[in-house]
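Since we're looking at a predicted model, the values are computed, not measured. Proteins get letters first, then strands, A, B, ... in listed order; numbering begins at 1 in each.
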Amino acid sequence: MEQEKDFVPKILVFSTDKISDPGIDLAGQQHIHYSPSVYFIIVPCSAGVKPRWILRAFNKGFDGVFVAADGTDCPFSADCSEKTGKLVAYSQELMKKEGVNPARLKMAAVCSVCALPFSNHMKNFSKALSGLGNIQSEKYIDPEEKEKQK
Amino acid sequence: MKEKIGVYICHCGGNISDYVDVEKVRDVVEKEEGVVLSKTTMFACADSAQKEIVNDIKENNLDAIVVASCSPKLHLSTFRNVAERAGLNPYNYVQANIREQCSWAHTDKPKEATEKAIRIVRACVGRVRYSEALEPFTIPAANIALIIGAGVAGMRSAISLADMGTHVYLIEKSHFIGGRVAQMGELFSTDEKGEEIISDLYDEIKKRDKIQLFTGAEVVSVSGSVGDYKAQINIRPRYIVPDCDMNKLKEAIAECKTEIPDEFNFGLTQKKVIYKAYENCRPEIPAIEKDRFNPDQKFLEKYKDCIDLEQKTETLNVNTGTVILSTGFDPYEPEDGEYGYKKAENVITLQQLKRLIELSNGKLEYNNREIKNIVYVYCVGSRQKEGENKYCSRYCCTAAIHAALLCRKKFDSVRGFHLYRDIRTYGKHELLFDEVSRQGDIFFRFNEDESPVVETANGKLQVKFRDILTNNEEVAIEPDLVVLVTGMIPRKDSSTVAGILKTPVGSDKFFNEVHPKLRPVETVIDGMYICGTCQGPKNITESITSSLSAAAKSNSLINKGEIELEPTIIRIDPEACEWCDKCAEICPFDSITKTEYSPDGQKGKTIALVNESTCKGCGMCAPVCPTDAIDIIGYTNNEIESMIDGLIKEV
């Protein structure tokens with residue numbers, strides 16, 4: 001896909017109240033810079049993010065959604081990563097049906113002191129999304145579907 | 001929907017306004033639907049500003065407010081209180097984080113930061129429009145605590161709680177109290193003996209009527225919730241007749257010939273099946289390992305006034321307001337062959353060395369050999385690149401060095417050779433490191449990729465390694481004893497306790513706190529606390545500190561007789577719910593059951609029912625609901641989706 005000039009992807013991050021959001025706060029406290037087109041919505045736990053919220057974000061114009069997961073630090077459940085992984089995978093299925101490239105949704109554990117790792121995630125994800133281009137230009141077709149159509 | 005919203009945009013003295021044009025933010029936000037008042041302020045958290053907000057709410061009859069300032073971690077409760085003081089429900093307040101997540105993160109791009117701040121505030125206005133007035137649940141609470149584990153942490157916590165007026169059930173799985181500290185002999189840095197500390201704590205416990213101590217006691221089930229937990233405790237018998245003639249019992253012990261390995265001495269010695277953990281143990285009444293005890297009828301008849309093998313396990317049901325876990329640690333036991341353990345002769349662990357020192361008199365002997373030279377291998381089972389224990393147990397460096405000093409002090413010319421990766425005698429313990437170096441012990445440093453090899457060669461114990469400090473010189477030592485400096489792992493049965501109490505454990509298998517810095521003794525389950533080494537490696541000072549903290553948190557929660565719970569839990573939409581049990585299945589707290597729903601007296605349907613006192617509002621159930629019947633209160637679809645819309649809307 002051709003890259004638009006000066007395209008800065010808009011990213012919505014679902015962060016968690018007790019684990020990843022404090023890590024993201026810490027990035028700010030240390031004045032670590034990341035793209036100003038990164039926005040946050042705090043939830044209690046990453047395994048509680050509803051797929052419909054993720055789809056809403058794409059429908060409204062976000063170019064990428066990043067779930068900053070609790071990982072093994074989750075205070076609620078040792079299986080948090082697995083549960084978050086499942087909802088992310090399910091959301092990606094829904095995205096395919098809507099014609100949204102599943103690579104636009106990413107999940108990674110961000111701990112309460114993961115300031116630098118978080119900013120690196122944003123850097124890498126922004127880069128990947130720049131390659132995919134603006135969500136408005138999305139004409140994603142599931143490769144399996146493509147195969148079937150042949 | 002809220003229609004009279006007040007918005008305050010904070011300069012934070014320049015922390016925000018140096019990068020974000022707060023006046024521009026105000027100008028844009030002012031035009032948002034529902035906003036009737038918007039102001040900028042130098043410091044929103046200052047007393048004067050708080051008073052101004054209170055007045056504004058009252059004068060303008062505001063029904064919701066947004067303060068755009070720092071992270072909610074800092075001032076969420078400050079501004080909730082402001083709202084409350086003005087007669088507004090605190091949950092009709094939303095904080096917009098435009099400092100940590102905006103001005104500070106984009107100091108290089110003020111134009112973009114201003115645009116981002118506008119979007120953030122707009123999203124929060126959108127969210128607060130859908131905010132609901134919520135009331136905390138108030139539930140009655142019993143001023144009683146159950147403490148699981150009577151080691152130093154559990155005992156100290158019990159004493160502190162009793163002194164604050166809380167009734168305490170202190171239960172210990174073993175027949176003797178004191179946990180690991182009782183086994184440690186002389187302790188760094190005071191040289192007091194572990195068993196002396198245990199006896200002192202026991203005496204203090206006995207002075208307090210508010211503490212009921214049960215030994216041989218295990219929790220088998222816990223139900224209920226904060227303020228009103230119901231615990232079932234099984235108490236195993238000692239098989240000793242209460243108040244029997246102690247002299248006669250001593251005779252019985254002398255006559256009993258059956259011996260088994262003594263766990264208290266880590267298998268270095270044997271013990272009788274009728275035994276005391278150690279001579280001055282508490283309680284002082286012996287116990288019998290019944291499974292290993294096969295006395296003849298004559299013996300039983302002779303000592304029937306002292307020994308009663310017919311005693312049965314008793315069950316005790318207690319009600320308690322809180323639970324404190326202080327189940328302690330197990331020393332890491334090396335694998336067979338790990339640094340020669342159980343393969344080469346004279347390879348023991350640090351914990352065994354400590355017992356050996358206690359059991360020795362004048363001369364340090366092991367396997368009938370006098371010990372003159374000891375090699376200590378550090379970080380055994382700790383800081384593993386591969387394997388389970390990635391963490392540092394932090395007490396072992398100091399404990400090993402202290403043991404080496406003890407050997408030098410107590411026995412003639414015992415020399416130590418210390419093979420370490422890094423020495424972590426933090427804080428004042430560094431003095432011990434200085435001392436042992438001055439006395440002549442030698443330190444070598446090895447690389448974790450090239451661990452020392454311990455083996456028996458030509459009938460002699462040999463340790464070979466490369467020493468980083470002398471340019472990777474290969475060194476071989478033939479010591480009399482190799483001591484593996486092993487760290488801490490969670491107690492073997494702590495996973496059983498975790499299963500019963502549903503307390504979260506971390507990837508290191510120790511119990512997990514809510515927040516390692518800000519809420520270090522609370523678990524995510526209301527009224528359940530952790531302290532001591534069941535939470536992670538600690539020395540005694542640190543264990544006691546956490547145990548006192550757990551006692552204070554526990555008492556302050558239940559001493560008023562009632563508890564307020566956060567209302568931000570989940571809510572089921574009875575119309576949408578079709579009861580498939582997916583939510584109940586995924587809930588980590590068993591907070592969802594089913595109920596019958598029949599709103600109009602007609603034949604109803606089965607729907608999910610939330611237990612309000614155990615639901616934590618994590619929302620794990622929400623994404624799995626096929627009919628989207630679950631809302632997380634405070635994070636409803638309306639609230640989250642209006643935020644998404646607000647964030648994306650062009651400025």
Side-chain angles (χ1 to χ4, degrees), chain A residues 8 10 12-19 21-22 24-54 56-57 59-62 70-80 83-84 86-87 90-91 112-113 119 122, chain B residues 70-74 97 99-109 111-113 115-116 119-120 123 127 504-508 512-519 523-524 568 570 586 588-589 616-625 628 630 632 634-635 637 640-641 643-645 647-649:
Chain A
V8 184
K10 293 192 189 77
L12 177 63
V13 176
F14 283 102
S15 60
T16 68
D17 187 31
K18 293 189 175 71
I19 307 298
D21 202 64
I24 294 162
D25 275 354
L26 191 64
Q29 280 161 23
Q30 297 175 356
H31 293 212
I32 298 173
H33 294 154
Y34 49 86
S35 161
S37 291
V38 175
Y39 300 91
F40 305 96
I41 291 181
I42 307 177
V43 291
C45 170
S46 54
V49 175
K50 288 190 184 180
R52 66 175 268 178
W53 300 342
I54 294 172
R56 170 86 163 213
N59 288 337
K60 290 285 168 176
F62 276 100
D70 285 324
T72 50
D73 292 346
C74 177
F76 299 108
S77 164
D79 308 328
C80 180
K83 287 168 177 165
T84 309
K86 272 188 188 162
L87 76 85
Y90 178 62
S91 303
S112 61
V113 289
S119 73
M122 287 306 104
Chain B
C70 53
S71 165
K73 272 101 207 146
L74 253 77
N97 183 350
R99 192 179 74 175
E100 282 82 351
Q101 296 183 359
C102 188
S103 69
W104 278 352
H106 313 302
T107 51
D108 55 337
K109 290 180 176 143
K111 187 175 154 276
E112 286 86 348
E115 198 181 308
K116 179 172 174 177
R119 290 171 187 256
I120 293 172
R127 182 179 178 183
V505 289
S507 54
D508 55 10
N512 243 10
E513 61 287 306
V514 175
H515 190 281
K517 290 184 177 62
L518 303 175
R519 296 172 71 185
T523 70
V524 72
T568 44
I570 61 145
I586 204 166
F589 307 105
K616 300 282 151 279
C618 65
M620 286 187 189
C621 51
V624 300
C625 178
D628 197 19
I630 300 175
I632 312 167
Y635 306 86
N637 288 335
I640 299 293
E641 288 170 2
M643 284 193 85
I644 294 171
D645 299 355
L647 288 173
I648 201 72
K649 203 170 119 187

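Contact count versus chain A (heavy atoms, under 4.5 Å) is highest, among B:I648, B:I570, B:I120, for B:I648. Comparing B:I640, B:N512, B:L647 by how many heavy-atom pairs each has under 4.5 Å with chain A, the most go to B:I640. Interface remark: of the candidates B:E112, B:R119, B:K109, B:E115, B:R119 forms the most heavy-atom pairs closer than 4.5 Å to chain A. Of all the listed residues (A:A47, A:C80, A:S77, A:C74), the one sharing the greatest number of non-hydrogen pairs under 4.5 Å with chain B is A:A47.
For B:K116, the parts sitting under 4.5 Å from any heavy atom of chain A are the backbone and the side chain alike. Proximity to chain B involves both the backbone and the side chain of A:I42, based on heavy atoms less than 4.5 angstrom apart. Only the backbone of B:I630 comes within contact range of chain A, judged by heavy atoms closer than 4.5 Å. With a 4.5 angstrom heavy-atom cutoff, A:N59 does not touch chain B via any of its atoms. B:N637 touches chain A through backbone and side chain together, each having a heavy atom under 4.5 Å away. Contacts of B:I632 with chain A are made by side-chain atoms alone, with heavy-atom separations under 4.5 Å and no backbone atom involved. Contacts of A:L87 with chain B are made by side-chain atoms alone, with heavy-atom separations under 4.5 Å and no backbone atom involved. Heavy atoms of B:R519 lying under 4.5 Å from chain A belong exclusively to its side chain. Heavy-atom distances place both the backbone and the side chain of B:D108 under 4.5 Å from chain A. Both the backbone and the side chain of A:K60 have a heavy atom closer than 4.5 Å to some heavy atom of chain B. Looking at B:K616, the atoms closer than 4.5 Å to chain A (heavy atoms on both sides) sit in the backbone and in the side chain alike.
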- Could you walk me through whether A:Y90 and B:V624 pass the side-chain contact (heavy atoms from CB on, under 4.5 Å) test, one step at a time? CA-CA 10 Å; A:Y90 178 62; B:V624 300; over 6 Å; no

- Show your reasoning for whether side-chain contact (heavy atoms from CB on, under 4.5 Å) applies to B:I644 and A:F62. CA-CA 9 Å; B:I644 294 171; A:F62 276 100; 4.2 Å; yes

- Derivation and outcome, side-chain contact (heavy atoms from CB on, under 4.5 Å), residues B:K73 and A:D17: CA-CA 9 Å; B:K73 272 101 207 146; A:D17 187 31; 3.9 Å; yes

- Step-by-step side-chain contact (heavy atoms from CB on, under 4.5 Å) determination, B:D645 to A:R56: CA-CA 9 Å; B:D645 299 355; A:R56 170 86 163 213; 2.6 Å; yes

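Here the closest non-hydrogen pair linking A:C45 and B:C618 is CB-O, 3.5 Å. Between A:H33 and B:W104, the closest heavy-atom pair is CD2-O, 4.4 Å. Contact record, B:H106 with A:S35: CE1-O, 3.5 Å, taken as the closest heavy-atom pair. For the residue pair A:W53 and B:Y635, the shortest heavy atom distance occurs at CZ2-O, 3.5 Å. Scanning all heavy atoms of the two residues, the minimum distance from B:P588 to A:K83 falls at CG-NZ, 4.5 Å. Summarising the geometry of B:M643 relative to A:I41, their closest heavy-atom pair is CB-CD1, 3.8 Å, with the distance given to 0.1 Å.
No donor-acceptor contact under 3.5 angstrom links the side chains of A:D21 and B:N97, judged on distance only.
From B:E100, atom CD reaches atom CD of A:Q30 across 11.5 Å, with rounding to the nearest 0.5 Å. Remark: A:K86 NZ to B:M620 CE distance equals 12.0 Å, nearest 0.5 Å.
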